[in-house]
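To keep things clear, I will list the structure first and then write my remarks on it.
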Amino acid sequence: MEVRVRFAPSPTGFLHVGGLRTALYNYLFARKHNGKMILRIEDTDRTRLVENAIDNLINSLKWAGIEYNEGPDKAGEYGPYIQSERLDIYKKYALELVEKGLAYYAFDTSDEIEEMRKNSSETFGTKYNREAMRNQLTLGEDETKKILASGHDFVIRLMVPFDHEVSFNDIIRGEVKVSTNDIDDQVLLKSDGFPTYHLANVVDDHLMKISHVIRGEEWLPSTPKHVLLYNYFGWEIPKFAHLPLLLNKDKSKLSKRQGSVAVEDFREKGYLKDAFINFIALLGWNPTGDREIYSLDELIEYFNLEKVNKGGAVFDVQKLDWVNQQYLKSVNFNEVAKEISLVSKEKFGKLYDSEFLNKVFNLFKERVTFVSEITSIADYMFSDINEFDKDYIQKKWLPGTEEIVIELIKVYENCNNFEHDELSSKTKEFALGLGKKLGDIIHPIRIMITGKSTGAGMFETMEVLGKTECLKRMSYFIQNKIYDV
RNA sequence: GGUCCCAUAGACUAACGGUUAGGUCACCAGCCUUUCACGCUGGCAGUAGGGGUUCGAAUCCCCUUGGGAUCACCA
């Protein structure tokens, strides 16, 4: 049987990182088994529609590199892939159930239902009391027909029997059993003509020939309802795999409040797509347990639903940062060129040469978590120094330094190859000639050229900045007696 | 509260019923050094508790405790 999985988000805003993880696992599973992945939009709640949400969702998935074979923007045999465009289908199946006596019409108002739930009954508890409310069962066929004919609002509810055991096998959790006594007569078709999630997802998964339903653990409690529906329709039940939740630091379900949860926020913050995917994939699973960095191909190759953890995983930004740093160190400059160019342009109002940016990036990529950080920790690479570290000057600019530097400038003026090796040997030679160590002299150089106490290797830095600029900064420093603090 | 799910260090995780319980982040120390990083070496720290089953349990079973999810005409 062909493996067909789906990612079925509701377009209520942006793609949640938990959703991305679910999408990723679906994707890995599909790729691993040479199957198909479907993107289906579950927009059956008209009260929660958000503009552009679908585009946002798709953009985030695209950014993450999660490709699907069928979806709203990718025609397939089983469309449409947006539930609000499939209303007739759901209605037809809801009526089929009514026909079979496995579902029924109900006409209660929300106030009546609220009232009913407050007064729990002997046999139904707080569940919908189908024996005491206004519905097809209590009103009778004739009255029901009359009400329907009058155009009155109605819903269709699932008829759940007493004392049956519903069980299903979850790939990650094993067998799960629930008594039908704990299952409510769920509404299948709402009064606005839209289906509820439960009806829509079962109908669609069947019609779209979904073989494996891989979704978040929050769906586990309602899965028995879905199983009941499959049985009522006489359809084959897909395999289920309920993924562990992504958690906040306090172990509650990952949510806003405690930081970003929208994928696009992470993207904007500057996380590399590959790093983010790598990190997310390892929340709930590890292919080998002996390393942390895996390429997408490796993730696909090793993916195994049965080895996915059962417990929820805390989303640890600190580790995410570390992973991002790992990727940053080995990333090809082309992948970050655009961002660093954009950020520096914005910050310093000028477009920098790509070759120059490449050099700067290589100088600092091991010192930052994000590309954009480079423009702040190494702002002196992009513009004149706007602030000198006074403490550093006091500590390293000793009496006599000025005279030494004036001599050093002459040495540098005579450099033909103003690059690392020559600068290094010439400076060492110079220091030695004065009976000093390189360390004694390199700090003042750093002060004059960068203004900061920290940075990349001094000679590499000078090489990138160039002879003219370095000499200019040194003379400026001396002439303006900046060391006088 | 009912139902369901879960439980290896602060966090993410590995471990055919047989390992000195392994790796990673964070943290601490040292090394490297031209500052800061990177890197390297070492360290701290874990099977929630109690019963079983077994020659042997992190692993299987039960109970307790703890955590989470879910109980809508939301998904």
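Note: hydrogens, waters and symmetry copies are ignored here, and every other heavy atom, side chains too, is used. First the proteins, then the strands, lettered A, B, ... as listed; each starts at 1.
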Taking the six-membered ring for Trp and the full ring for Phe, Tyr or His, determine whether the centres of [X] and [Y] are under 6.0 Å apart.
X: A/Tyr271; Y: A/Tyr327; result: no
X: A/Trp219; Y: A/Phe240; result: no
X: A/Phe194; Y: A/Tyr90; result: no

Of the candidate nucleotides [options], which contains the atom at the shortest distance from the side chain of [X]?
X: A/Glu218; options: B/A69, B/C25, B/A14; value: B/A69
X: A/Thr44; options: B/C4, B/A75, B/A72; value: B/A75
X: A/Glu217; options: B/G68, B/A11, B/A75; value: B/G68
X: A/Lys310; options: B/A72, B/A7, B/C4; value: B/A7
X: A/Thr196; options: B/U34, B/C73, B/C38; value: B/C73
X: A/Lys329; options: B/C73, B/G39, B/C25; value: B/G39

May I ask you to say what [X] touches in the nucleic acid, namely base, sugar-phosphate or nothing, with a heavy-atom cut-off under 4.0 Å?
X: A/Gln326; result: sugar-phosphate
X: A/Gly284; result: sugar-phosphate
X: A/Pro11; result: nothing
X: A/Val155; result: base
X: A/Arg173; result: sugar-phosphate

Counting only side-chain nitrogens and oxygens, does [X] get under 4.0 Å of the OP1 or OP2 atom of [N]?
X: A/Lys452; N: B/U34; answer: no
X: A/Gln186; N: B/U70; answer: no
X: A/Arg117; N: B/C73; answer: yes
X: A/Arg48; N: B/A75; answer: no
X: A/Lys190; N: B/C74; answer: yes

What is the distance, to the nearest angstrom, from the [atom1] atom on [X] to the [atom2] atom on [N]?
X: A/Lys225; N: B/C73; atom1: NZ; atom2: P; answer: 9 Å
X: A/Asn309; N: B/A58; atom1: CG; atom2: C1'; answer: 14 Å
X: A/Leu247; N: B/C6; atom1: CG; atom2: P; answer: 15 Å
X: A/Glu460; N: B/C38; atom1: CD; atom2: C1'; answer: 13 Å
X: A/Asp182; N: B/G1; atom1: CG; atom2: C1'; answer: 13 Å
X: A/Tyr197; N: B/C73; atom1: OH; atom2: P; answer: 17 Å
X: A/Leu282; N: B/C12; atom1: CG; atom2: P; answer: 12 Å
X: A/Lys251; N: B/G10; atom1: NZ; atom2: P; answer: 10 Å

Is the base of [N] touched by the side chain of [X] through a donor-acceptor pair closer than 3.5 angstrom?
X: A/Arg367; N: B/C38; answer: no
X: A/Lys319; N: B/C12; answer: yes
X: A/Glu292; N: B/G23; answer: yes

Considering only the [atom1] atoms, how many Å lie between [N] and [M], rounded to the nearest integer?
N: B/A7; M: B/C62; atom1: P; result: 13 Å
N: B/G17; M: B/G52; atom1: C1'; result: 16 Å
N: B/U70; M: B/G10; atom1: C1'; result: 29 Å
N: B/C40; M: B/U8; atom1: C1'; result: 28 Å
N: B/A21; M: B/A45; atom1: C1'; result: 13 Å
N: B/C38; M: B/A29; atom1: P; result: 14 Å
N: B/U19; M: B/A14; atom1: C1'; result: 12 Å
N: B/G49; M: B/A58; atom1: P; result: 11 Å

If you pin A/Lys249 and A/Gly439 to their nearest nucleotides in RNA chain B, which one's is more 5'?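 That would be A/Lys249.
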Mapping A/Tyr128 and A/Leu220 onto RNA chain B by nearest heavy atom, which one lands closer to the 5' end?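 The answer here is A/Leu220.
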[X] and [Y]: side-chain donor and acceptor closer than 3.5 Å?
X: A/Asp204; Y: A/Gln83; result: yes
X: A/Thr223; Y: A/His242; result: yes
X: A/Tyr197; Y: A/Ser222; result: no
X: A/Asp43; Y: A/Ser84; result: yes
X: A/Asn286; Y: A/Tyr294; result: yes

How about NZ on A/Lys239, more than 12 heavy atoms from neighbouring residues, nucleotides or ligands closer than 6.0 Å, or not?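 No, because the 6.0 Å sphere around NZ of A/Lys239 holds 12 heavy atoms or fewer from other groups.
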Considering Watson-Crick and G-U wobble pairs with both distances under 3.5 Å, what does [N] pair with?
N: B/G39; answer: B/C31
N: B/C25; answer: B/G10
N: B/G2; answer: B/U70
N: B/U54; answer: none
N: B/A15; answer: none

